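In this text the structure is predicted, and so the values were computed from the model without any measurement.
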Amino acid sequence: MPPALTIRPVVRADFPRWLPLWDGYNKFYGRFGDTALPLAITQMTWERFFDAYEPVHALVAEEDGQLLGLVHYLYHRTTTSIAPTCYLQDLFTEESARGKGIGRKLIHAVYEKARLAGAGRVYWLTHETNATARKLYDQMADNSGFIVYRKSMEEKR
């Protein structure tokens with residue numbers, strides 16, 4: 001009988017196993033080497049998961065003592081609903097574990113957490129070229145058709 005996959009909140013002892021997943025997620029989006037996130041951002045992100053005053057949360061997929069995936073999500077207010085909204089910010093599955101339903105299970109776990117928190121909806125973004133993930137996302141939610149615009153407020157050096 002294969003080991004059971006468990007979706008659970010991160011705990012502080014997970015950091016050494018979470019970090020390679022986080023680094024893999026960032027590398028997928030081109031944030032590595034010279035463009036890697038500063039260590040301070042990774043450290044602050046990790047600390048936020050354990051701060052009761054932060055609306056940022058993390059779940060991991062674990063099988064046989066190995067972390068195979070992560071999902072980070074947060075709650076925020078909106079002007080179109082009284083209920084909070086849940087933004088699924090990061091989703092990543094270890095490359096060797098892809099195609100086994102881990103991403104789907106992580107998304108369903110966020111849906112359940114959002115439901116329990118009274119959220120009115122869950123939403124997320126992905127790059128238009130992320131065709132593999134979009135096949136899954138198209139099965140799990142509606143594509144709203146919105147286009148994202150952004151402007152960095154960081155000073156260019």
- prompt: How long is the span from the CD atom in Glu94 to the CD1 atom in Ile102, to the nearest 0.5 Å?
  reply: 9.5 Å
message: How long is the straight-line distance from CD of Glu95 back to NZ of Lys27, given to the nearest 0.5 Å?
response: 9.5 Å
query: Mind checking who shares a hydrophobic cluster with Phe49, ILVMFWY linked at side-chain heavy-atom distances under 4.5 Å?
result: Val10, Phe15, Trp18, Leu19, Leu21, Trp22, Tyr25, Phe28, Tyr29, Leu37, Ile41, Trp46, Phe50, Val56, Val60, Leu67, Leu70, Leu74, Tyr87, Phe92, Tyr123, Leu125, Val148
message: Let's go through His57 and Gln89 carefully: what are the C-alpha distance in whole Å and the side-chain angles of both, what is the deciding distance for side-chain contact (heavy atoms from CB on, under 4.5 Å) to 0.1 Å, and is it a yes or a no?
response: CA-CA 10 Å; His57 307 276; Gln89 186 164 13; over 6 Å; no
- prompt: Do the side chains of Trp124 and Val110 get nearer than 4.5 Å, heavy atoms only?
  reply: no
query: Which atom names give the shortest non-hydrogen contact between Pro20 and Pro16, and what distance separates them?
result: CD-O, 3.1 Å
Distance (rounded to the nearest 0.5 Å) between Met44 CE and Leu39 CG: 11.5 Å
message: What I want to find out is whether Arg17 reaches Asp14 closely enough, with some N-O distance under 4.0 Å, to be called a salt bridge.
response: yes
query: Are the side chain of Asp142 and the backbone N or O of Ser144 linked by a donor-acceptor pair below 3.5 Å?
result: no
field: Distance-minimising heavy-atom pair for Tyr73 and Leu88
entry: CB-CA, 4.0 Å
task: Please examine the side chains of Ile107 and Val71, heavy atoms only from C-beta on, and report whether any two atoms are closer than 4.5 Å.
output: no
query: In Å, rounded to the nearest 0.5 Å, how long is the span from CZ of Arg121 to OG1 of Thr78?
result: 5.5 Å
statement: Quick note, side-chain hydrogen bond (donor to acceptor under 3.5 Å, both in side chains) partners involving residues 101-113, not counting sequence neighbours, are Arg104-Gln139, Glu112-Arg115
- request: Considering only Ile, Leu, Val, Met, Phe, Trp and Tyr, and joining two whenever side-chain heavy atoms are under 4.5 Å apart, list the other residues clustered with Val11.
  value: none
- request: Calculate, to the nearest 0.5 Å, the distance between atoms OG1 and CG belonging to Thr6 and Leu59 respectively.
  value: 12.0 Å
statement: Closest non-hydrogen contact found for Gly120 with Ala83 is N-CB, 3.8 Å
- request: Please round to the nearest 0.5 Å and tell me the distance separating atom OG1 of Thr126 and atom CG of Leu136.
  value: 10.0 Å
